[in-house]
There are 2 protein chains.
Amino acid sequence: MPITRSRSYHHGDLRAELLQRAEATLRESGVDGLSLRRLARDVGVSHAAPTRHFKDKQALLDAIAVSGFQRLAAALAQTAAADSADGHIRALARTYLHFATENSALVALMFARRHSPAAGDAMSRAVDAAFATPVALITEAQKRGEVIDGDPRRIALSAVAALQGLATFVGSGVIAAETADELVDETTTHMIEGLRPRP
Amino acid sequence: MPITRSRSYHHGDLRAELLQRAEATLRESGVDGLSLRRLARDVGVSHAAPTRHFKDKQALLDAIAVSGFQRLAAALAQTAAADSADGHIRALARTYLHFATENSALVALMFARRHSPAAGDAMSRAVDAAFATPVALITEAQKRGEVIDGDPRRIALSAVAALQGLATFVGSGVIAAETADELVDETTTHMIEGLRPRP
DNA sequence: ACCTGAACACCGTTCAAGT
DNA sequence: ACCTGAACACCGTTCAAGT
């Protein structure tokens, strides 16, 4: 058998394949289109097979959320730093909003009702990774005297919250998608002004 | 028949009763506990009866969302104005976050994936009602010279987005519930500073 | 007009059985 | 270890039929 792609029953890595398919389905059909049975069907496996890799549907959703936070962390980390802290903040803000609007179903799932405690550890690490770049940016800006003093994590949470809220409004149609870009820049400006040290 | 509570088959107002029961179920069991069949069972009617009042499940969710925006509008409108614009902003911010954290499943549903266009009209009115108080506050503060110039609706959206984001973080456990109160006050402070006219 | 009961095609979850 | 197939209790939606 010269074929390298050997599979036990049907798959080499069913878990990874299910996760990948799930994220695609999430993008195409939203969270309502996500079902273990359909996933199994799409991947060509019996409907009970996923149980071996995900204890129940919640475990699948948790795994998708963790993966989402990791991808968000990577997107933020890869956003190039600008000359000024302000410029970097603006770039990060656009990245965040872009990610959140391009992956609205995923982000909704990431911040959905409290995930099962079983996912807690990997989830916490992934969430921390996602906030690492904003926190580092605030810390750096504080050193340069461009942002007020205070716990950098709290300041970062406060700032990112504004972006998350905008993304929520865009996703639900409260804000028209066309005006989203302008609004994120305005919001970032208010944020920067609000965080600037006062004489 | 001296009993005034006459019912045709089983109910005087099945639609209202279903909606009320749905909101209770939403609070107790989250959106996953919400099913038309269970609702019908709880209310004592056949599983097909709700169809007369809600075309499908999405129509029920839309109706719940509209009702949620109306309740949010009322909560914001009833928040007493303070002496200063700053004080009023702080009070409104606390009301918003309190509403969003006490009704997390409802708020998640309100801002969920685009509602069906059929609900558009009533939905738009309800959303506008919810934002009316914040927009009026910004307009008033602008007149007093306490907030920078600009479209008051956009400024209000920007400000409320920060609160909505915080509520999302609290609801998903990214922010510990204990620190939520401090964080909303800090965020409000940054917001006020960011919106203050610059000399 | 409003509701019932049966029917259909889907679910998630569990479990004995196969390889 | 990993997957199958049947079984169970739930869904949403539709539709002829009853009052």
Base, sugar-phosphate, or nothing: which does R41(B) touch, judged by heavy atoms less than 4.0 Å apart?
-> sugar-phosphate
Sorted by chain and number, sequence neighbours left out, salt bridge (Lys or Arg N to Asp or Glu O under 4.0 Å) with D185(A) holds for R94(A)
For R15(A), the salt bridge (Lys or Arg N to Asp or Glu O under 4.0 Å) test, sequence neighbours excluded, returns none
Rounded to whole Å, the CG-P distance (D56(A) to dC15(C)) equals 14 Å
Check the phosphate of dC3(C) against H53(B), side-chain N and O only, distance under 4.0 Å to OP1 or OP2. Yes or no? yes
The side-chain contact (heavy atoms from CB on, under 4.5 Å) partners of S46(B) (sequence neighbours excluded) come to A48(B), A49(B)
Polar atoms only, N or O, under 3.5 Å: list the protein pairs with nucleotides 5-9 of chain C and their distances.
from	atom 1	to	atom 2	distance (Å)
dA6(C)	N6	H47(B)	NE2	2.8

Separation between CD1 (I138(A)) and CG (L195(A)), nearest 0.5 Å, reads 6.0 Å
The correct set of residues in residues 21-29 of chain B placing a heavy atom under 4.0 Å from DNA chain C is none
Between D128(A) and R153(A), is the closest basic N to carboxylate O distance under 4.0 Å?
-> yes
Rounded to whole Å, CG of L34(A) lies from C1' of dC11(C) at a distance of 13 Å
note: K57(A), atom NZ; dC10(D), atom P; distance rounded to Å ~ 17 Å
- Kindly say if S35(B) contacts the phosphate of dC10(D), meaning a side-chain N or O under 4.0 Å from OP1 or OP2. no
With sequence neighbours left out, the residues meeting salt bridge (Lys or Arg N to Asp or Glu O under 4.0 Å) with R196(A) are D86(A), E193(A)
Atom CG of L39(B) and atom C1' of dT13(D) are separated, to the nearest Å, by 16 Å
Separation of dC2(C) atom C1' from E17(B) atom CD, nearest Å, is 15 Å
Between side-chain atoms of residues 69-78 of chain B and protein atoms elsewhere (two or more places apart, or another chain), which donor-acceptor pairs fall under 3.5 Å?
from	atom 1	to	atom 2	distance (Å)
R71(B)	NH1	E23(B)	OE1	3.2
R71(B)	NH2	N103(B)	OD1	3.2

note: L36(B), atom CG; dC11(C), atom P; distance rounded to Å ~ 18 Å
Hits for side chain to side chain donor-acceptor pair (under 3.5 Å) against T187(B), two or more places apart or cross-chain, chain-then-number order -> S158(A)
With sequence neighbours left out, the residues meeting salt bridge (Lys or Arg N to Asp or Glu O under 4.0 Å) with E28(B) are none
So ring pair (Phe, Tyr, Trp, His ring centres under 6.0 Å) across residues 84-105 of chain B, not counting sequence neighbours, yields none
Here the distance between atom C1' of dA1(D) and atom CZ of R52(A), to the nearest Å, is 8 Å
Check your understanding: Quick one: is T51(B) getting a side-chain N or O under 4.0 Å of the dT13(D) phosphate, OP1 or OP2?
Key -> no
Taking Watson-Crick and G-U wobble contacts under 3.5 angstrom, with | marking pairs to another strand and [ ] crossing pairs, the secondary structure of DNA chain C is written ||.|||||...|||||.||
Rounded to whole Å, CG of L60(A) lies from P of dG12(C) at a distance of 10 Å
inquiry  = Less than 4.5 Å apart, side chain to side chain, heavy atoms only: is that true for R125(A) and D121(A)?
reply    = yes
Here the ring pair (Phe, Tyr, Trp, His ring centres under 6.0 Å) pairs for residues 138-195 of chain A, sequence neighbours left out, are F169(A)-F111(B), F169(A)-F131(B)
